[in-house]
Amino acid sequence: MPNTPPIEYKRLGQTLARRIKPLIEFLAKKIAMSVVTRFAPSPTGFLHIGGARTALFNWLYARRHNGKFLLRIEDTDRERSTDEAIEAILKGMEWMGLDWDGDPVFQFSRRDRHKEIAEELLAAGKAYKCYASKEELEEMRAKAREEKRAPGYDGRWRDRDPSEAPEGVDPVIRFKSPNEGATVIHDAVQGDVTIKNEQLDDFIILRADGTPTYMLSVIVDDHDMGVTDIIRGDDHLTNAARQIQVYEALGWTAPRMCHIPLIHGPDGAKLSKRHGALGVEAYKDMGYLPEAMRNYLLRLGWSHGDDEIISTEQAIEWFNLENIGKSAARFDFDKLENLNGIYIREADDKYLSDLVLPVLAEKTGQDLGADEAALIEKAMYGLKERAKSVISLAESARFLVAPRPLEMDEKAKKLLSEDAVMLLQKLADRLDDLAEWNAETVEAVVRETAEAEDLKLGKIAQPLRAALTGTTVSPGIFDVLGVLGREESIGRIRDTAE
RNA sequence: GUCCCCUUCGUCUAGUGGUUAGGACGCCAGAUUUUCAUUCUGGAAACAGGGGUUCGACUCCCCUAGGGGAUGCCA
């Protein structure tokens, strides 16, 4: 054997590690990519705040893991599903900035597949036809309550011979739920929740008219869509037990469950249409920014230590299921408003003025064009510092587009005493002499005037503010002069003398 | 009724056996300021109650109370 150099094992190991690293990273990414979440609203109303948060959590979780976020419209209840609701939900999702992967799945369009599974269950003896009437069902419930048993269907057709079926009655198909033992939900938020099977009755999976119920279609669709993680409201927790039983009967693996606590109204009661259960569009109309909304909703039930201001990018990086709280939270407008103010102050001027323009046009009834838009954008710097919502932003931008002579509110009128008006005229003359008009040059003149008259700045600034804005509240008065420009400013000041 | 879940300042929450129980919103006081807002400083404010376990419980267990959810041919 020739002189082979000794093998350098250490180096070999390092080389190997280097070679393998990308493979491991690739695999890790592949595993992470396999996360599929979904938001599955029923189109019986708008996208309310609880649904929006559920959607947000699903979206965040999917984005966090480079997975997919799917949207499924659960429209199997033909009576109550409406196109308007579908429209509202889609619009709401878009406004919230929650984009879904692929096309929305309409559950009803998959009814044949659902029926197929129901029949499969039936053929396998894991489901059966039930001919019980509404009245019978009603009796069963009453009796169960009386006997202090778990309510529900008593299984009277479970083992009955189909030949006993009554004439002319279309049967429903019920799932043959195990009577013995218990079903355990391994929930990412709630922990292991055990429900005794005797609590769970044989529920309907296919209606008498042959259409599937939610209990069936949700399972089939989640399975077929490859959903790996179900994040949904707490109100589905008991359903989860039933669904796990069906997964088992079908020989399918149930997705990971994560039941998040519900959001309550400010009074601690369930969110209802009476108080707080508004569509997200209503929040838009109230002047909240979607980014503030996302931050607020995220923080409602999820935490990352003491962090409060969490951008969406940061949220995607941080979001997890472990830090979701277990108790229900109340909706607090004050906090949302505070957050909104913070996001407004940080927002881009153009972005804000685009939002403000239509609101202002609506408020004033004026036609606002490019000139006004430019004016608002120019003033936004000072405006956004004081605003809590797009609405208040528009309100405070009102003076910019108000026609001369300005309408004065009560406090402003009071400020414009005879002396003050005289003073303002002097100021107008001085301002008119200005060679260059901007916030700085104008400030110098106003301060000089105050000094010459032996007045504190406030004594001249407040009447000036009244003259210029018609109110007592505005951005810095020099900024106002600067933005309004020479002609408009002086015009408004001179108007007070009339 | 039955089953399941929850319980830290008014509200959202941090806290995983030893902390002066922290932060945020709101509230109060003060500072800054041409108004308002912002900003800054300070303050009041909580472990639902009762039993255990432990040298030691906000943290673990049990009970009670309160709250919520489910109990549909709704989802």
Side-chain angles (χ1 to χ4, degrees), chain A residues 40-44 74-77 79-81 107 130 132 134 137 141 144-152 170-174 185 187 189-191 193-196 198-201 203-209 211 213-215 217-218 232-239 241 259 261-262 264 266 268-270 296 299-309 323 325-339 341-342 345 382-388 392 396 411 415 443 446-447 450 456-462 464-466 469 471-478:
Chain A
S42 64
T44 53
E74 307 219 318
D75 54 353
T76 51
D77 184 348
E79 304 278 313
R80 286 195 279 179
S81 299
Q107 192 158 59
C130 165
K134 283 222 161 63
L137 260 19
R141 274 192 276 270
R145 191 176 246 274
E146 206 173 295
E147 293 172 5
K148 301 190 176 184
R149 284 187 294 104
D170 289 328
V172 299
I173 296 183
R174 286 183 184 271
I185 306 155
D187 194 275
V189 167
Q190 311 291 341
V193 178
T194 306
I195 303 206
K196 290 187 204 73
E198 62 186 42
Q199 287 293 324
L200 274 14
D201 66 352
F203 52 93
I204 294 170
I205 56 178
L206 208 66
R207 298 188 183 95
D209 66 1
T211 60
T213 63
Y214 161 76
M215 273 301 178
S217 29
V218 70
R232 83 234 290 195
D234 222 348
D235 49 338
H236 283 286
L237 193 62
T238 344
N239 289 338
H259 290 91
L262 269 18
H264 290 165
K270 188 186 177 184
Y296 178 72
R299 215 38 207 82
L300 202 60
W302 181 85
S303 62
H304 186 270
D306 283 341
D307 293 306
E308 296 287 347
I309 311 302
N323 289 324
K326 294 184 96 176
S327 52
R330 298 186 193 199
F331 195 90
D332 181 15
F333 274 97
D334 282 334
K335 191 153 182 173
L336 171 59
E337 195 160 277
N338 171 267
L339 229 29
I342 291 169
R345 266 170 262 141
L383 254 25
K384 68 181 178 187
E385 204 65 30
R386 321 176 138 67
K388 293 254 197 274
S392 63
S396 60
K411 285 182 188 163
L415 240 26
E443 172 165 1
V446 177
R447 285 192 187 276
K456 283 177 84 176
L457 185 56
K459 287 290 173 194
I460 188 165
Q462 271 310 85
L464 183 55
R465 189 183 318 280
T469 69
T471 72
T472 55
V473 177
S474 83
I477 199 64
F478 309 122

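Keep in mind that the numbers below use all heavy atoms, side chains included, and drop hydrogens, waters and symmetry copies. Per chain, numbering begins at 1; letters A, B, ... match sequence-line order.
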Rounded to the nearest Å, what distance is computed from the [atom1] atom of residue [X] to the [atom2] atom of nucleotide [N]?
X      : N      : atom1 : atom2 : result
A:D307 : B:rG22 : CG    : P     : 18 Å
A:D235 : B:rC6  : CG    : P     : 16 Å
A:K456 : B:rU34 : NZ    : P     : 8 Å
A:D332 : B:rC12 : CG    : P     : 8 Å
A:R141 : B:rA70 : CZ    : C1'   : 14 Å
A:F331 : B:rU13 : CZ    : P     : 12 Å
A:L237 : B:rC6  : CG    : P     : 10 Å
A:E337 : B:rU11 : CD    : C1'   : 15 Å

When you compare [N] with [M], how far apart are their [atom1] atoms, in angstrom units rounded to a whole number?
N      : M      : atom1 : result
B:rG43 : B:rC6  : C1'   : 32 Å
B:rU11 : B:rG18 : P     : 26 Å
B:rU33 : B:rA14 : C1'   : 35 Å
B:rU32 : B:rU16 : P     : 41 Å
B:rC12 : B:rA45 : C1'   : 15 Å
B:rG22 : B:rU54 : C1'   : 26 Å
B:rC61 : B:rU53 : P     : 15 Å
B:rU19 : B:rG10 : C1'   : 24 Å

Answer with base, sugar-phosphate or nothing: what part of the nucleic acid does [X] contact at a heavy-atom distance below 4.0 Å?
X      : result
A:T211 : nothing
A:A329 : sugar-phosphate
A:P261 : nothing
A:Q190 : sugar-phosphate
A:I309 : nothing
A:F478 : base
A:T471 : nothing
A:N239 : base
A:G476 : base
A:R330 : sugar-phosphate
A:I477 : base
A:V172 : base
A:K388 : sugar-phosphate
A:S303 : sugar-phosphate

Note, [X] side chain near [Y] side chain (heavy atom, < 4.5 Å):
X      : Y      : value
A:I477 : A:R465 : yes
A:P475 : A:R386 : yes
A:V218 : A:T213 : no
A:L336 : A:D332 : no
A:S81  : A:P43  : yes

Base-pairing assignment for [N] (Watson-Crick or G-U wobble, both under 3.5 Å):
N      : answer
B:rA65 : B:rU7
B:rU2  : B:rA70
B:rA21 : none
B:rA29 : B:rU41
B:rA46 : none
B:rA57 : none

From the options [options], select the nucleotide whose nearest atom is closest to the side chain of [X].
X      : options                : value
A:R80  : B:rC36, B:rA70, B:rG72 : B:rG72
A:D306 : B:rG26, B:rG23, B:rA75 : B:rG23
A:L137 : B:rC25, B:rA75, B:rC73 : B:rC73
A:K148 : B:rU2, B:rC12, B:rG69  : B:rU2
A:L300 : B:rU38, B:rC12, B:rU34 : B:rC12
A:D334 : B:rA70, B:rU7, B:rG26  : B:rG26
A:A150 : B:rU38, B:rU2, B:rC36  : B:rU2
A:V193 : B:rC4, B:rU35, B:rA75  : B:rC4
A:Q462 : B:rU35, B:rG68, B:rA75 : B:rU35

*Quick one: CD1 on A:I195 to OG1 on A:T238, what's the gap to the nearest 0.5 Å?*
5.5 Å
*Quick one: CG on A:L457 to CD on A:E443, what's the gap to the nearest 0.5 Å?*
7.5 Å
_Between A:E308 and A:R299, which residue's closest nucleotide on RNA chain B lies nearer the 5′ terminus?_
A:R299
*Assign each of A:L206 and A:H304 to its nearest nucleotide of RNA chain B by heavy atoms, then name whichever residue's nucleotide is nearer the 5' end.*
A:H304
*Taking only the side-chain nitrogens and oxygens of A:R149, find out if one of them lies under 4.0 Å from OP1 or OP2 of B:rU71.*
no
*Tell me whether the OP1 or OP2 atom of B:rC6 has a side-chain N or O from A:K326 closer than 4.0 Å.*
yes
*Could you tell me whether A:R149 and A:E147 make a salt bridge, using a distance below 4.0 angstrom between a side-chain N and a carboxylate O?*
yes
*Steps toward side-chain contact (heavy atoms from CB on, under 4.5 Å) verdict (A:Q462, A:K411)*: CA-CA 10 Å; A:Q462 271 310 85; A:K411 285 182 188 163; over 6 Å; no
*Looking at the rings of A:F331 and A:Y296, which for Trp means the six-membered one, are their centres under 6.0 Å apart?*
yes
